[in-house]
Protein chains: 2
Amino acid sequence: MTDTASRPGPGRPPSMTDPVGSILGAAAGLFAGKGYEGASLQDVARAVGMTKAGIYHYFGSKQDLYDAIVLSVLSDMLENAQAAVAQADGHDTRLRAFMVSHGRYLQENHDKYRASFIGRAGGDTTGYTENQIDARRNYTRFLEQIIRDGCADGAFETDDVPTTARGILGMLNWMARWYQPTGPKNAAEIADGYATLILAGLAPR
Amino acid sequence: MTDTASRPGPGRPPSMTDPVGSILGAAAGLFAGKGYEGASLQDVARAVGMTKAGIYHYFGSKQDLYDAIVLSVLSDMLENAQAAVAQADGHDTRLRAFMVSHGRYLQENHDKYRASFIGRAGGDTTGYTENQIDARRNYTRFLEQIIRDGCADGAFETDDVPTTARGILGMLNWMARWYQPTGPKNAAEIADGYATLILAGLAPR
DNA sequence: CCATTTACCTACCCATCGGTCGGTAATTGT
DNA sequence: ACAATTACCGACCGATGGGTAGGTAAATGG
């Protein structure tokens, strides 16, 4: 469908569009829609106006391609979250900034996000590389630290920080399954609503 | 791995164990671990001590087999939730009963649950049959009704019931990705903790 | 102007996939 | 006792999967 590159024949002039970028984009769309196993490299090649062998010129394997997507998503999300949180002051504001930043990323990178979070079936460790697991852990730890800091200052109250963090990420990540950009609220707004709910839940009584 | 049935050769005696049940069980385990596309009927057959063709004696297609699992999970969960909620009085208690019942189902049917909720990649409508979508909607509506009733009586406060319901289900369903029965808390306890958090968040201020 | 590199393509390999076909031994109904 | 049914199995099918080999034309560097 996304057929940006024309094919004037073998030995084409320097392609206007960065091929790595369009491969990544097409792959993200397909993994998001049909899943990692469900989408073939044939599909990706077709979407990008190339052959399967052409893709192997840029990526060593299907897994490599998927890796590149997930890693970029995770590192971008962490970077965004850090920037957003750094600008916020107060524990409530910080947690809200984290969650809204997460929602905004989904909103602006729907395919990549979905590919990363629901692109593969099975558990958290199935088919994910070490790098991916590390990146996920970094992101999770960052959220946990926000919560922990809030607890230390008496702004939040929880008896189990990791489980709370997982719950928050669950609300957010599950959006990948149902969120549609055409809905009445955008993802950042939804995340903001969830932040309000969670913040009230975490308030010490 | 799970090789309960022995194979004494063609024309075996009446198998002690219900073949449909063991196929369903083996398939659930494999779909949970490797995903719908990642697990082959060959795998299922091997796990159950049968041939692929043997499975087609009981199920018309791979999709049928998956359908049977998902539909049973969804209808069992709804039934459990209805029973649990019926016994509870007060809006808080009812919502908590719903969530704990959800957690308990995960705990007691880990493979089937995972197969149903993260067994397929992609969005909520990809690769799911009409029946599955209906069953999911019934379950979601039931939760929404609990929340709406609470709001009507002034026990809860939300401006967006469907989105709140999705958030709650997100926390719960995402557990399929990370919950391990060997952890310090069981799934029902975790769900109970989430209920406490959500209930505080929903309290009118 | 020529050698190298880049950026692909065509053709192919082999494993595996979902699914089918025709059999066959035990079980069941009469 | 015998026909029908049940519960499978072995062999097979066409399609497709990830991945590879070897080529070829344009772009690039000297």
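The sequence lines fix the lettering, A, B, ..., with proteins before strands; numbering per chain opens at 1. Predicted model only: the values in this text are computed from it and were never measured. Scope of the values below: all heavy atoms of this structure, side chains included, with no hydrogens, waters or symmetry mates.
Atom-to-atom, CG of B:L65 to C1' of C:dC17 comes out at 15 Å; the value is rounded to the nearest Å. Atom OH in A:Y36 sits roughly 13 Å away from atom P in D:dG17 (whole-Å rounding). Note: CG (A:L41) to P (D:dG17) measures 9 Å, nearest angstrom. Distance, B:K34 NZ to C:dT16 P: 11 Å, rounded to whole Å. Here D:dT16 presents its P atom at 15 Å from NZ of A:K62, a figure rounded to the nearest Å. Remark: P of C:dT16 and CD of B:Q42 are 9 Å apart, rounded to the nearest angstrom. With rounding to whole Å, B:K52 atom NZ is found 14 Å from D:dA11 atom P. A straight line from CD1 of A:I55 to P of C:dT10 spans 14 Å, rounded to a whole angstrom.
Residues A:R120 and A:Y128 have side chains in contact (heavy-atom distance under 4.5 Å, counting atoms from C-beta outward).
Once rounded to the nearest 0.5 Å, the distance linking CD of B:Q82 with OH of B:Y139 reads 10.0 Å. The OH atom of B:Y105 sits 14.0 Å away from atom CG of B:L172, with the distance rounded to the nearest 0.5 Å.
A sub-4.0 Å separation between OP1 or OP2 of C:dT16 and a side-chain N or O of B:S40 is absent. In this model, the phosphate group of D:dC8 is approached by a side-chain N or O of B:Y58 to a distance below 4.0 Å at OP1 or OP2. One finds a side-chain N or O of A:H57 lying less than 4.0 angstrom from the OP1 or OP2 phosphate oxygen of C:dA7.
The side chain of B:Y56 has C:dG19 as its nearest neighbour among D:dG19, C:dC17, C:dG19. Of all nucleotides listed (D:dA21, C:dC8, C:dC21), C:dC8 comes nearest to the side chain of A:T51.
Closest approach of A:M171 and B:G167 over heavy atoms only: CG-O, 3.4 Å.
The neighbour count for A:R136 CZ, taken as heavy atoms of other residues, nucleotides or ligands under 6.0 Å away, is above 12.
Nucleic acid contact for B:A39: sugar-phosphate only, since backbone atoms but no base atoms lie under 4.0 Å from a heavy atom of the residue.
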